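The structure under discussion appears below in the form of structure tokens.
Keep in mind that what you see is a predicted model, and the values were worked out from it rather than measured. Hydrogens, waters and symmetry mates are skipped; everything else that's a heavy atom, side chains included, is used. Residue numbers run from 1 in the order of the sequence given.
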Amino acid sequence: MADEANRTAFLEIQASMIELTGKLKQVQNQMRNKEGDKKRAFLTLEELRPLPDDTNTYKSIGRTFVLEPKTVLEGEQEQKLKDSEAAIASLQTSKEYLEKQTAEVESNLRELLQQEPGIARQIMSMSM
């Protein structure tokens, strides 16, 4: 009975570890995408700022380019930069939370394996 309880506890810990790892990878990918958006907006702003105010600037919409005032494009890029920074900060807190959860699950797994060394042997025999 205790052996079955340990086995179900292990399977629950394993499932939660797989879920947390997937979520953590997803958050890391989202952060990478937002970092790219932030960098793109920053570089675009750096190119727009030295231009004179009367310069014709165009905004890409799909395969079309639309004439837009320089100030409008600068405002849009600044907003993209701010949005990306806010999203990155939010994702960072999510990442830290998921990392804490993962560490907790790992410690639970270690504790289970230390309590029942027999389950470790069963796990090793299942994986071979």
Separation between CD (Gln114) and CG (Leu109), nearest 0.5 Å, reads 10.0 Å
What's the separation between atom CD in Gln77 and atom CZ in Arg40, rounded to the nearest 0.5 Å?
10.0 Å
Begin with the C-alpha distance, continue with both residues' side-chain angles, and end with the deciding distance and a verdict on side chain to side chain contact (heavy atoms under 4.5 Å, CB included) for Asn33 and Gln30.
CA-CA 5 Å; Asn33 290 340; Gln30 289 173 346; 5.5 Å; no
Take Leu91 and Lys95, measure what side chain to side chain contact (heavy atoms under 4.5 Å, CB included) needs, and give me the verdict at the end.
CA-CA 6 Å; Leu91 289 168; Lys95 179 183 171 190; over 6 Å; no
Below 4.0 angstrom, N of the basic side chain to O of the carboxylate: do Glu78 and Arg49 qualify?
yes
Hey, any chance Leu11 and Ile13 share a hydrophobic cluster, counting ILVMFWY side chains that come within less than 4.5 Å of each other, even indirectly?
yes
So CZ of Phe65 and OG1 of Thr57: to nearest 0.5 Å the spacing works out to 12.5 Å
Glu47 CD: over 12 foreign heavy atoms closer than 6.0 Å:
no
Compare every heavy atom of Lys34 with every heavy atom of Ile88, then report the nearest pair and how far apart it is.
CG1-CB, 3.6 Å
Let me check something: do Met17 and Val27 share a hydrophobic cluster, defined by ILVMFWY side-chain heavy atoms less than 4.5 Å apart, either directly or through other members?
yes
How about NZ on Lys70, more than 12 heavy atoms from neighbouring residues, nucleotides or ligands closer than 6.0 Å, or not?
yes
So how far is it from Lys23 NZ to Glu19 CD, rounded to the nearest 0.5 Å?
4.0 Å
To the nearest 0.5 Å, tell me how far Leu73 CG sits from Glu68 CD.
5.5 Å
Lys/Arg-Asp/Glu bridge criterion (N-O < 4.0 Å) met for Asp83, Lys80
no
First locate atom CG of Leu48, then atom CG of Leu43, and finally report the distance between them rounded to the nearest 0.5 Å.
11.0 Å
Is Val72 reachable from Ile61 through a run of I, L, V, M, F, W or Y residues, each pair having side-chain heavy atoms under 4.5 Å apart?
no
